[in-house]
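Down below is the structure, laid out as structure tokens.
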2 protein chains.
Amino acid sequence: MVEAPRNTRQRRAVVAILEDLDGFASAQEIHDILKKRGESVGLSTVYRSLQVLAEAAEVDALRNDDGEVLYRQCSAGHHHHLVCRSCGRTVEVEGPTVERWADKIAAENGFRDVAHTLEIFGTCASCPS
Amino acid sequence: MVEAPRNTRQRRAVVAILEDLDGFASAQEIHDILKKRGESVGLSTVYRSLQVLAEAAEVDALRNDDGEVLYRQCSAGHHHHLVCRSCGRTVEVEGPTVERWADKIAAENGFRDVAHTLEIFGTCASCPS
DNA sequence: CATGACGCTGAGAATCATTGTCAAATCCGC
DNA sequence: GCGGATTTGACAATGATTCTCAGCGTCATG
Ligand SMILES: [Zn+2]
Ligand SMILES: [Zn+2]
Ligand SMILES: [Zn+2]
Ligand SMILES: [Zn+2]
């Protein structure tokens with residue numbers, strides 16, 4: 001059976017940051033925030049914690065245009081995101097028809113083990129041009 | 001005005017590979033293929049050529065799960081892809097309703113300069129499990 | 001509460017795709 | 001053919017992420 005992850009100060013600190021943040025943030029940004037708060041956590045540990053959380057589906061991960069991975073604590077269940085390129089502010093969105101469409105396309109072409117990525121990027125109303 | 005790009009052996013070679021390939025491939029894969037064909041082109045040059053082609057919208061680019069950028073010569077116009085994770089084989093797909101849905105979602109939330117990414121990944125019929 | 005086993009941490013090194021550097025080679029209009 | 005701007009390529013540099021591994025912390029157990 002799978003070992004339960006241990007309850008460490010560092011992991012709690014990372015989770016706390018994610019709970020405070022509204023939008024997506026990179027591992028390095030989270031590391032910086034922790035440092036500012038004085039709850040310093042090693043960068044490697046931040047990366048590892050986020051990986052674990054992502055595998056456990058407790059956080060969502062996506063890549064921005066620069067290829068950096070961003071993380072966010074999201075609500076459960078499959079959904080997509082409308083993300084501000086500038087500040088990371090995020091709106092969770094659902095598109096039931098898209099889900100069906102994607103599965104249908106894949107099936108029609110004989111693909112299996114299908115998954116899809118769908119993100120909408122833009123500049124939010126409170127960010128300058 | 002913009003200078004026209006020069007017609008060099010290297011650029012022609014990269015374009016030729018893209019024309020032969022059916023699916024998406026990374027810069028390094030294309031570099032390897034060129035080496036095998038004896039038409040050696042420097043790796044930096046392959047990267048630069050692909051960048052130029054991508055900016056000119058002559059090729060599409062996307063990232064796989066590992067964060068590598070893959071390129072493919074696609075048909076003109078906005079479309080998305082159904083990509084085999086294993087061999088890169090690709091089917092271009094269109095989803096008019098998705099386009100409208102994405103724009104609507106963004107507008108409703110006051111986002112501007114909107115773009116979206118949508119890719120479907122799976123294993124194609126001719127690839128082993 | 002003490003103990004031990006084993007997961008967790010973190011500083012630094014290593015990885016690896018991608019980009020930058022710059023002298024030499026190549027285009028191309030004239 | 002010339003000459004100047006562009007392009008090339010070997011190599012170094014970057015930068016996000018992962019790996020290493022000795023020391024620490026957690027936690028089930030008695
Ligand atoms: Zn914003
Ligand atoms: Zn979906
Ligand atoms: Zn395949
Ligand atoms: Zn689209």
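All chains are named by letter (A, B, ...) in the order of the sequence lines, taking the proteins before the strands, and each is independently numbered beginning at 1.
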Side-chain donor-acceptor contact under 3.5 Å, B/Arg89 with B/Ser126: yes
From the options C/dT18, D/dT7, D/dA10, select the nucleotide whose nearest atom is closest to the side chain of B/Pro5. D/dT7
Walking DNA chain C from its 5' end, the first of B/Leu43 and A/Thr45 to be reached, judged by nearest nucleotide, is A/Thr45
How do A/Arg11 and B/Glu68 order along DNA chain C: which one's closest nucleotide is nearer the 5' end? A/Arg11
Are any of [X]'s side-chain N or O atoms less than 4.0 Å away from OP1 or OP2 of [N]?
X	N	result
B/Thr8	C/dC27	no
A/Arg12	C/dC8	no
A/Gln10	C/dG10	yes
A/Gln28	D/dG15	no
A/Arg48	D/dT20	no
A/Tyr47	D/dT17	yes
A/Arg6	D/dC27	no

Before accepting this row, confirm whether a basic side-chain N of the pair B/Glu39/B/Arg12 lies closer than 4.0 Å to the acidic partner's carboxylate O. no
Measure [atom1]/[X] against [atom2]/[N] and give the value in whole Å, please.
X	N	atom1	atom2	value
A/Asp65	C/dT18	CG	C1'	16 Å
A/His31	D/dG15	NE2	C1'	15 Å
A/Tyr71	D/dA16	OH	P	13 Å
B/Asp32	C/dC16	CG	P	14 Å
A/Asn64	D/dA16	CG	P	10 Å
A/Gln51	C/dT9	CD	C1'	14 Å
B/Leu50	D/dT8	CG	P	12 Å

What about B/Ser26, does its side chain sit under 3.5 Å from the base of C/dA17 through a donor-acceptor pair? no
If every non-hydrogen atom of A/Ala27 is compared with every non-hydrogen atom of A/Tyr47, which pair is closest and at what distance? CB-CE2, 3.6 Å
To the nearest 0.5 Å, what is the distance between CD on A/Gln73 and CD on A/Glu58? 8.0 Å
Students often get this wrong, so: under 4.0 angstrom with heavy atoms, is A/Asp66 touching a base, only sugar-phosphate, or nothing? nothing
Should the heavy atoms of other residues, nucleotides or ligands under 6.0 Å from CD of B/Glu94 be counted, would the total exceed 12? no
